[in-house]
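In what follows, a single structure is set out as structure tokens and then discussed.
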Amino acid sequence: MAGYRLITLFGIFFFFISEVLADSHQLDWKDLTNQQQEILGPLTEDWNVMKLERKKKWLGIAKRYPKMSLKEQHRIQSQMQSWHALTSEQRKQVREIYKKMEQLPAQKRQEIKQRWHGN
């Protein structure tokens, strides 16, 4: 019985490890189209270590990018360049602040966004 549990645990372990390894190698930078690479250029160095859900988010932005106004395109490029310039500790702090903001009431979040964008 103990042997069966051990085999089952190893099976589960290897299943999850293979899923993690498969996800980490999906959507490598080299797999992106030229247009996606051009749009997402500031993320080049970080791309292959990003989690899959972050990559998908950025690919969604890249897909909408050609239809954005020039102002929106400049804003996106500026955000990517600013993000790239941050240290890993600074990025961690930004993510923590974002999580806290998401817990605020919608009206309070909107007020903060308006102040941030100077509206």
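Keep in mind that the numbers below use all heavy atoms, side chains included, and drop hydrogens, waters and symmetry copies.
- Checked by atom type and distance alone, the side chain of Glu72 pairs as donor or acceptor with a backbone atom of Ser69 at under 3.5 Å.
- Note that the CZ atom of Arg54 and the CG atom of Asp46 stand 11.0 Å from one another [nearest 0.5 Å].
- Counting heavy atoms from C-beta outward, Leu43 and His84 have side chains that stay 4.5 Å or more apart.
- Nearest heavy-atom pair, Asn48 versus Asp28, reported as atom, atom and distance to 0.1 Å: OD1-CA, 3.2 Å.
- Side chains of Trp83 and Val94 form a contact here, defined as non-hydrogen atoms less than 4.5 Å apart.
- You'll find the side chain of Lys71 stays beyond 4.5 Å of the side chain of Arg75, heavy atoms only.
- Across Arg109 and Leu104, no two heavy atoms sit closer than the pair NH1-O, 2.6 Å.
- One finds the CD atom of Gln73 at 4.0 Å from the OH atom of Tyr65 (value rounded to the nearest 0.5 Å).
- Interatomic distance, CD1 of Ile112 versus CD of Gln114, reported as 11.0 Å (0.5 Å rounding).
- The NZ atom of Lys55 lies 8.0 Å from the CE atom of Met50; values are rounded to the nearest 0.5 Å.
- Here the shortest heavy-atom pairing between Leu40 and Trp29 reads O-CH2, 3.5 Å.
- At least one side-chain heavy atom of Lys108 sits less than 4.5 Å from a side-chain heavy atom of Pro105.
- Of the possible polar contacts, one joining the Gln36 side chain to the Thr33 backbone as a donor-acceptor pair under 3.5 Å is found.
- Other residues, nucleotides and ligands place no more than 12 heavy atoms under 6.0 Å from the CD atom of Glu45.
- Heavy-atom contacts from other residues, nucleotides or ligands closer than 6.0 Å to CD of Gln107 number 12 or fewer.
- Remark: the backbone N or O of Ile39 is paired with a side-chain donor or acceptor of Gln77 at under 3.5 angstrom.
- Gln35 is listed as a side-chain neighbour of Pro66, based on a closest heavy-atom distance under 4.5 Å.
- Atom OG1 in Thr44 sits 7.5 Å away from atom CD in Gln37 (nearest 0.5 Å).
- Under a 3.5 Å cut-off, the side chain of Ser78 and the backbone N or O of His74 do not form any donor-acceptor pair.
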Would Ile61 and Lys57 satisfy side chain to side chain contact (heavy atoms under 4.5 Å, CB included), going step by step from the backbone distance to the final call? CA-CA 6 Å; Ile61 290 170; Lys57 172 198 171 266; 3.7 Å; yes
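- Arg95 contributes atom CZ, which lies 10.0 Å from atom NZ of Lys92 (distance to the nearest 0.5 angstrom).
- In this structure, the side chain of Trp47 engages the main chain of Leu27 through a donor-acceptor pair within 3.5 Å.
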